[in-house]
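Below is one structure; the comments refer to it alone.
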Amino acid sequence: MNVSLNRDEIHRKREQFVVPGVKQLFADPPLFVKGSGVFLYDEKGREYLDMFAGICTVSVGHCHPKVTAATVEQVQTLQHTSTAFMTEPMVTLAEKLSQITPGNLSKSMITNSGTEANEFAIRLARLSSERFQVIALEHAYHGESHLAATLTANHNWRAENVPASGIVYAANAYCYRCPFKKTPGSCGLECAKDVERVIQTQTNGKPAVMIAEPIQGVGGIITPPDDYFPEVKRILDNYGVLFISDEVQTGVGRTGKHWFGISNWNVIPDFMTMAKGLANGIPIGAVITTPKIAEAAQKQHINTFGGNPISCRTALAVLDVIEEEDLMANALKVGTYIMEGLKDMQKSQPAMGDVRGKGLMIGVEIVGENKTPLAKETARIVEKMKDEGVICGKGGLYGNVIRIQPPMNITTENANTLLKVLKTSIESVIGTPVH
Ligand SMILES: Cc1ncc(COP(=O)(O)O)c(C=O)c1O
């Protein structure tokens, strides 16, 4: 396998030459040298079941032959011209995005990342509304630029002392730890109503836009109740506020029934932003909006690499594979199977405080008595799972959520391996529950 440095040398050079904030998930990280389907391989050939997909990105499996063939063919034909010149893949991708997104969303700007997509969406919302303030949700993650990091309401990801201006925050729909100390079913949707409170108390009454992830990914797979987004949208419409659905993690079929997460709530946003799974790991981002809003993008906009033929051809191949292999249906089928397995396990394992998500976007919150977040134990469980050959992610404001976001072509057999290894790993770190 083609690595010229050994694991220790790579580790040392990483410490020496890469900024310290680029952290690793594992205390004792494997050196991955190959990926195939739902598996990763280290330099000794050891196989790992990848249940995190490069942070929710390798949507159709590592090195999918059809996707790789499209990328390679494009690399060998035409790699770059910039958007100042006419090429086909960007236009075909923009057309395809207009076909798979709901409502009147039909004008795209292709970028290189989710951060850039969110930046552009906010800019466009401000330009088209001629308003400025932005509402974000607590615990959100929206990216790494100054603006996107300010939209990110999670101190773990906020480096700056001085935030970007004009951002206000509403409570998130975190039913397991309700910010209003209510219980689902009898809560009166206080979290959705908080959007109105924030508009009335923290803005001039005319904010430009609200941005939200349908399911907060980095925030710990926080999954709002069914009536949450319809109520939020009703409030936003009342105040003439636009809505961006950040589909960077929930996009391209991961939640099962729909191409995009927000459709699970039957809401049509004014913008969708996407990235990650759209090109299976080749850098890409995209914003899609309505023709009316897009009218505001009249000044010149260029993004040197955005819309490049390699990323766009790759994205088109990914979308084809999702359709041809019926991967949304598979995400729903295997996701439901995993969820049922976890709920079953939860009955006898009190450390599994909450199990939540949709399709193949699943979180397990690890807690002690009185729901105390067990962050160190969660890190040890995920580390133990890796030692047993299964890669899962970790997230949440308190660092105590195990994230299961695998490639969409996993099988129930893979799911059984996950469930078995998760169970024994929790037991080995937390202890076997007493019956
Ligand atoms: C919901 C969400 N939005 C935006 C981003 C930023 O995307 P990128 O890392 O491609 O800039 C991420 C990345 O994790 C994300 O999860």
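Quick note: numbers below take in every heavy atom, side chains included, and nothing from hydrogens, waters or symmetry partners. Both ligands and their constituent atoms are indexed starting at 1 by order of listing.
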Nearest neighbour in protein (non-hydrogen) for [atom]:
atom                    : answer
atom 8 (P) of ligand 1  : Gly114 N, 3.5 Å
atom 16 (O) of ligand 1 : Gln249 NE2, 2.8 Å
atom 11 (O) of ligand 1 : Thr115 OG1, 2.5 Å
atom 14 (O) of ligand 1 : Lys276 CE, 3.1 Å
atom 3 (N) of ligand 1  : Asp246 OD2, 2.7 Å

**Asked** Any N/O of Glu116 closer than 3.5 Å to an N/O of ligand 1?
**Response** no

**Row check, Trp157 ring normal vs Lys23 NZ/CZ: under 6.0 Å, within 45°** = no

**Item:** Cationic tip of Lys371 above Tyr176 ring, under 6.0 Å, 45° of axis
**Value:** yes

Report, in ascending order of atom number, the atoms of ligand 1 lying under 4.0 Å from any heavy atom of [X].
X      : answer
Glu213 : 1 (C)
Gly143 : 6 (C)
Ser113 : 10 (O), 11 (O)

**Request:** Return yes if a side-chain donor-acceptor contact under 3.5 Å exists between His64 and Glu325, otherwise no.
**Result:** yes

**Asked** Would Glu388 and Lys384 pass as an ion pair if we require N to O under 4.0 Å?
**Response** yes

**Complete:** Nearest heavy-atom contact between Cys392 and Leu25 is O-CD2, 3.4 Å

**Message:** At under 4.0 Å between heavy atoms, is it the side chain or the backbone of Asn118 that contacts ligand 1, or both, or neither?
**Reply:** side chain

**Request:** Count the heavy atoms of every other residue, nucleotide or ligand shown that sit under 6.0 Å from CD of Glu130, and state whether that count exceeds 12.
**Result:** no

**Asked** Would a distance-only check, ignoring hydrogens and angles, find a side-chain to backbone donor-acceptor pair under 3.5 Å from Arg126 to Ala208?
**Response** no

